[in-house]
Amino acid sequence: MRKLFQFIFRIRAFLVFVLFEVLSLYLLYRSNTYHNAAFYQSSNYYVGKVLEFQSEVTEYFQLREQNQTLAAENALLRAQLTQKQELQLNDSIETVRDSTFAAADSVAAALYTFRPARVINNSVRRLNNYLTLNIGSDAGVKAGMGVLTSRGVVGRVKAVSKHYATVTSLLHSQTLISVKLKRNKSFGSIKWDTGNPEFATLHYIPLSEKVFKGDTVVTSGFNAIYPQGIMIGRVVSVMKELDKSFYTIRVRLGVDFEKLSYVYVVENKGQSELDTLQVKSGIKAEDE
């Protein structure tokens, strides 16, 4: 402390000079309109720059919270969009239904709910790939629920704990999803047997159907895990094999599995009733 006082004492003349310089500048800007305006203009510029930098730093550290908020909003919009698509499909075939059936379909369309989740682990290069999500049973997630993104189907929930869920990826050798060609409504099954995370194979489309490169492949809705019309991918090649009665169709998947960040867990509240009925009837869902 004594050294500090000694240092201040040595530079006392300089400190007095600085003090008077500041005081003179203050009096100059205080008493002169032009200098006063220039000072405030300059100070506002630099203060604005500091505040802008502070805002950018704050926003950066709030990105995670903002992403979670946006994901929740997107989940709500996704549910509304799915309901609208279902209702449009019902409207297109109302000519062969009475009002009672149409009302029942409207109720069914509202059964789907979407929960946003963040992917905290993901594999794409194995024979059987899985994902881990940061939500579990406490958030209402159950085994068997579908998992989607805005670009298409991701997979199906395999197991849950209180705060996490494991998902069987579409990139799994045992995953088989019922799909259809959007253009001509031909039904088939999608399976990942290419070894490439960007492509899968569409099976069981008969040679009697016309299939073109660029055709869109979507979920069929036969199994209520996924709403019908959800994107799977687009046809990139169609091959006829002499010893087969079906095409060999390669599909580029809509989801970029190597860049998954946020997904939606989709719940059909009528799923348990459907599963119970199918078990009693001895029917096995194709997606299982």
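Under the 4.5 Å side-chain heavy-atom criterion for grouping Ile, Leu, Val, Met, Phe, Trp and Tyr, Leu260 is connected to Ile190 within one hydrophobic cluster. Criterion: ILVMFWY side-chain heavy atoms under 4.5 Å apart, direct or through other members. Under it, Val22 and Phe14 are part of a common hydrophobic cluster. Ile135 and Tyr130 fall into different hydrophobic clusters, where Ile, Leu, Val, Met, Phe, Trp and Tyr residues are linked whenever their side-chain heavy atoms come under 4.5 Å apart, directly or through other members. Tracing side-chain contacts under 4.5 Å through hydrophobic residues (I, L, V, M, F, W, Y), one reaches Val160 starting from Met145; they form part of the same cluster. Leu170 and Phe199 fall into different hydrophobic clusters, where Ile, Leu, Val, Met, Phe, Trp and Tyr residues are linked whenever their side-chain heavy atoms come under 4.5 Å apart, directly or through other members.
Remark: Phe20 CZ is loosely packed, at most 12 non-hydrogen atoms of other residues, nucleotides or ligands lying under 6.0 Å away. Environment of CZ in Arg183: crowded, with over 12 heavy atoms of neighbouring residues, nucleotides or ligands closer than 6.0 Å. No more than 12 heavy atoms of other residues, nucleotides or ligands sit less than 6.0 Å from atom OH of Tyr164.
Of the listed residues (Val218, Val255, Leu253), just one forms a side chain to side chain contact (heavy atoms under 4.5 Å, CB included) with Ile232, and that residue is Leu253.
Put simply, the side chain of Asn184 gets close to the backbone of Lys210: a donor and an acceptor are under 3.5 Å apart. Checking side-chain atoms of Asp215 against main-chain N and O of Leu181 turns up no donor-acceptor pair under 3.5 Å. Formation of a donor-acceptor pair under 3.5 Å by the Thr219 side chain with backbone atoms of Pro227 is found in this model. Distance alone, capped at 3.5 Å, is enough to place a donor-acceptor pair between the Asn134 side chain and the Arg118 backbone. With Arg252 contributing its side chain and Gly233 its backbone, the two residues share no donor-acceptor pair below 3.5 Å. No donor-acceptor pair closer than 3.5 Å links the side chain of Ser161 to the backbone N or O of Gly136.
Put simply, OG1 on Thr216 and CZ on Arg234 are 3.5 Å apart, with the number rounded to the nearest 0.5 Å. One distance of note links OH of Tyr264 with CG of Leu148; it measures 10.0 Å at 0.5 Å rounding. Interatomic distance, OG1 of Thr201 versus CG of Asp193, reported as 3.5 Å (0.5 Å rounding).
Looking at heavy atoms from C-beta onward, Asn268 lies in side-chain contact with Tyr112 at the 4.5 angstrom threshold.
For the 3.5 Å distance criterion, the side chains of Thr194 and Asn196 fail to qualify, holding no donor opposite an acceptor.
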